[in-house]
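What follows is a single structure, written as structure tokens, with notes after it.
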Amino acid sequence: MRIVVLAGGIGGARFLLGVRAYARDVGAEVTAVVNVGDDLWLHGLKICPDLDSVMYTLGGGADPERGWGRVGESWTVKQELAAYGAEPTWFGLGDKDIATHLVRSTMLNGGYPLSAVTEALASRWEPGVRLLPATDDRLETHAVVEDDQGQRAIHFQEWWVRYRADILTHRFVFVGAETAKPAPGVLDAIASADLVLIAPSNPVVSVAPVLAVPGLRAAVADGPAPVVGVSPIIGGAPVRGMADRCLAVLGVECSAAGVGRLYGGRASGGLLDGWLVAEEDAGTVVPEVTVRAVPLRMTDEAATAAMVRAAVELT
Ligand SMILES: C[C@H](OP(=O)(O)O)C(=O)O
């Protein structure tokens, strides 16, 4: 069995722990197609927050409290940069994490594509799933915001980390999406998958940028594999993160039904055959989609693997 997972970073990484556990049980292969819309260059370094969250989490090196970055991290470089007054000060890079960005940036500057760099970095962490960036090309999520400085587009990280989404926001744009190509292996993985899972990641700023890569959405929607999504919203609130604020920008209700309808039923031009919601959201209706309510808190690997089993059984 081959499983493809469309994923962001924090929720995506937790979900992938369960997918990997399930896959080990049944002897399945897993490919994660990961969002790159959060990526940015900072202090000459290429930072890929979602790829790194997934890589560190599956490799046993993530900080379980923060959900991002390395466990046992130190912050000497951050303090030194602050002493120089180096901007931006709102984005902190840990010392251990910086080693990852140094290796990545050196390889990118040497001409290797992000997918090859990701494979090289993952050879240290042995995540047990194949990690693919959605694209090797530049695709950056920007928020079109407005305040007393007027209307302007800011990088997603500035919106999320600096402003904590607390700024009038008109829309999100995926800069570079028109010309981006799926990274090598992405379309083949989707075409040969037995199941495509949409992780309980942020639908607006984690999954949507993956689907914005030309050809990727159609590969999933028109592909042979059933598509099952997992709701990131339980009882009307995101389990973690700020999906509520992101959905509000789109005018979409923050509920399991709202996100399910945003993805849409495959039979009517959307993506989903199945939609897993939490028990609290039993009774959720998404037209032309099989909805099932199961325990949806990713408290540990076993609980998350049970969610994956439920997703498989839905197909
Ligand atoms: C928790 C969630 O994680 P993702 O998998 O989208 O990075 C989010 O940040 O909204």
Side-chain angles (χ1 to χ4, degrees), residues 4-20 30-40 47-58 62-69 91 97 118 127 129 131-134 139-141 143 155-166 169 172 174 196-213 228-250 252-256 258-260 262-263 271 276 278 296-299 301 303-304 307-308 311:
V4 168
V5 185
L6 309 185
I10 295 177
R14 276 196 168 224
F15 183 65
L16 280 161
L17 284 172
V19 179
R20 182 179 65 182
V30 182
T31 301
V33 178
V34 181
N35 173 40
V36 298
D38 300 12
D39 296 7
L40 75 168
I47 324 294
C48 299
D50 284 0
L51 280 165
D52 288 349
S53 288
V54 172
M55 183 173 77
Y56 293 155
T57 300
L58 294 176
D63 185 309
E65 301 305 316
R66 281 198 312 271
W68 56 271
F91 197 94
D97 198 25
T118 302
V129 313
L131 291 188
L132 295 177
L139 187 158
E140 268 175 28
T141 303
H155 190 283
F156 167 76
Q157 294 294 351
E158 188 172 2
W159 185 80
W160 186 270
V161 180
R162 183 181 189 185
Y163 290 102
R164 302 300 303 162
D166 196 10
T169 306
F172 298 100
F174 306 125
V196 174
L197 295 172
I198 303 180
S201 287
N202 189 312
V204 182
V205 295
S206 294
V207 179
V210 171
L211 295 169
V213 177
V228 179
V230 180
S231 175
I233 307 296
I234 297 184
V239 179
R240 200 171 170 148
M242 300 190 285
D244 48 347
R245 298 197 175 215
C246 300
L247 288 165
V249 172
L250 268 58
V252 171
E253 179 187 270
C254 181
S255 67
V259 177
L262 177 67
Y263 288 137
L271 287 172
L276 278 190
L296 221 54
R297 304 253 174 209
M298 298 189 286
T299 43
E301 260 184 53
T304 313
M307 287 162 50
V308 176

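Whatever order the structure lists ligands and atoms in, that order sets their numbers, starting from 1.
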Minimum heavy-atom distance between [X] and [Y], given as atom pair plus value:
| X | Y | value |
| --- | --- | --- |
| C246 | F172 | O-CE1, 4.0 Å |
| L276 | L296 | O-CD2, 3.8 Å |
| M298 | R14 | O-NH1, 2.9 Å |
| L17 | T57 | CD1-CG2, 3.7 Å |
| A243 | N202 | CA-ND2, 3.5 Å |
| S255 | I233 | CA-CG2, 3.6 Å |

Q.
Once you restrict to heavy atoms under 4.0 Å, what part of W68 touches ligand 1? Side chain, backbone, both or neither.
A.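 Near ligand 1, W68 shows nothing, with every heavy atom at 4.0 Å or more.
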Considering heavy atoms of the protein only, find what lies nearest to [atom] and give residue, atom and distance to 0.1 Å.
| atom | result |
| --- | --- |
| atom 1 (C) of ligand 1 | R240 O, 3.5 Å |
| atom 7 (O) of ligand 1 | G9 N, 2.8 Å |
| atom 8 (C) of ligand 1 | N202 CB, 3.9 Å |

Looking at [X], which atoms of ligand 1 are within less than 4.0 Å of one of its heavy atoms?
| X | answer |
| --- | --- |
| G11 | 1 (C), 2 (C), 3 (O), 4 (P), 5 (O) |
| S201 | 4 (P), 5 (O), 6 (O) |
| S206 | 4 (P), 6 (O), 7 (O) |
| G12 | 5 (O) |

Q: Could you say whether the N/O atoms of A243 and ligand 1 ever approach to under 3.5 Å?
A: no
Q) Side-chain contact, heavy-atom cut-off 4.5 Å: L250 with L262? A)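 Yes, close enough: below the 4.5 Å cut-off.
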